[in-house]
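We're numbering straight along the sequence, starting at 1.
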Amino acid sequence: MYFNYEDIQNRKFVQSLKIEELDLSNIDNLVLKGIYIEEQPSKYQIPFKSEGVFKDEDSTEIGAYIHLNSKDYHLNEIIQKEIYTSIRFFVECADTDTTLDLSKISANLEGRIEKTDKIKYLHKKHKDLYSLVNNEPEFLVYCGIKEFNGYNNWEEYIYDNLYCDSELIIKYLTTDFEKKDIFQPVFEIWKRYYVIKTQIDFCKEQLNIIQGNSYKPETIDSSYQVFLIEEILRIDNWDDLSATKKGVILSCLLGKNKDNLKKVYIEIGKKISLNSDKLLSDRKKAEETIKKLLG
């Protein structure tokens with residue numbers, strides 16, 4: 001479960017409007033700009049009921065869905081996806097750090113010599129982590145294991161919370177929102193699920209390694225590695241390549257998992273203040289090593 005930092009950089013609609021443009025009287029222009037999509041009328045449509053009288057009720061504020069002048073509009077799904085990505089960035093990159101949790105698991109593994117003891121520890125850790133959420137079917141939705149309460153996946157669950165959150169939508173389109181603007185109960189449960197699932201996935205990964213089920217890269221010949229390095233040094237636009245592409249290229253050179261390398265480049269692309277302590281330490285160690293080797 002890796003966050004692609006490029007998804008944040010490539011958002012199209014963030015800060016795309018001025019606040020005065022987000023007025024319901026300006027709906028035609030909002031449709032023209034692709035903010036809202038007009039829905040096709042249905043002959044089976046049932047009007048809203050208010051105070052015992054059936055009548056169409058016009059929306060009074062911006063939202064994920066709008067009913068205005070007998071027409072229905074929904075927020076562009078691309079915008080919903082961008083808002084989802086923005087919240088996910090806060091959850092996985094800006095407001096949580098699972099480095100310490102994973103380091104503790106690794107330390108416990110290192111403290112056990114026998115393979116059977118390591119496996120026993122990982123099974124117990126896995127069970128303990130699941131016990132924290134075993135009465136929460138939403139976690140199964142988050143993990144993509146099972147649908148619940150009409151939600152087929154986690155994105156649908158988050159989108160459902162955008163229906164009434166007009167303030168978040170307005171802020172995203174005009175100034176972008178901050179962590180404090182996100183509906184906190186949803187934000188907190190998402191962070192909690194992320195931390196737990198990250199540890200569960202790590203336990204599974206370590207089990208595969210110990211039991212010999214993990215991918216083992218083929219041995220790379222030294223001369224081949226040298227020529228790969230020479231070719232990489234000739235790449236003029238290396239800084240412009242995506243984290244995915246860099247991960248693929250370096251996996252051929254280092255014999256490491258391309259997704260793990262991609263994750264490193266994604267973190268490198270963040271502000272230094274958002275980097276983990278381990279990344280900062282490794283960066284400093286690499287700089288000192290090269291300086292020492294160069295004399």
Inset, instruction - Could I get the full list of ring-ring contact (aromatic ring centres under 6.0 Å, His included) partners for Y84, not counting sequence neighbours? - result: W190
Inset, instruction - Kindly write out the residues that satisfy side chain to side chain donor-acceptor pair (under 3.5 Å) with Y36, not counting sequence neighbours, or none if the list is empty. - result: none
Legend entry - Listed partners of F183 passing side-chain contact (heavy atoms from CB on, under 4.5 Å), at least two apart: N161, D165, P185, V186
Inset, instruction - Using the six-membered ring wherever Trp is involved, compare the ring planes of F139 and Y130 and label them parallel, tilted or perpendicular (cut-offs 30° and 60°). - result: perpendicular
Legend entry - Pair listing, salt bridge (Lys or Arg N to Asp or Glu O under 4.0 Å) test, anchored in residues 241-255, at least two apart: none
Inset, instruction - Could you list the residues that satisfy side chain to side chain donor-acceptor pair (under 3.5 Å) with H74, not counting sequence neighbours? - result: E39
Legend entry - Those residues that, when tested against K285, pass side-chain contact (heavy atoms from CB on, under 4.5 Å) (two or more places apart): D282, T289
Inset, instruction - List for me each residue that meets side-chain contact (heavy atoms from CB on, under 4.5 Å) alongside K71, sequence neighbours excluded, and say none if there are none. - result: E38, Y73
Legend entry - Partner residues of Y157 under the ring-ring contact (aromatic ring centres under 6.0 Å, His included) criterion, sequence neighbours left out: Y151, W154
Inset, instruction - List in chain and number order the residues that pass salt bridge (Lys or Arg N to Asp or Glu O under 4.0 Å) with E156, two or more places apart in sequence or in another chain; answer none if no residue qualifies. - result: none
Inset, instruction - Taking side chain to side chain donor-acceptor pair (under 3.5 Å) as the test, write out the residues that go with D117, two or more places apart. - result: none
Inset, instruction - Tell me, please, which residues at least two apart from D7 pass salt bridge (Lys or Arg N to Asp or Glu O under 4.0 Å). - result: none
Legend entry - Contacts of type side-chain contact (heavy atoms from CB on, under 4.5 Å), residue E147, not counting sequence neighbours: N152
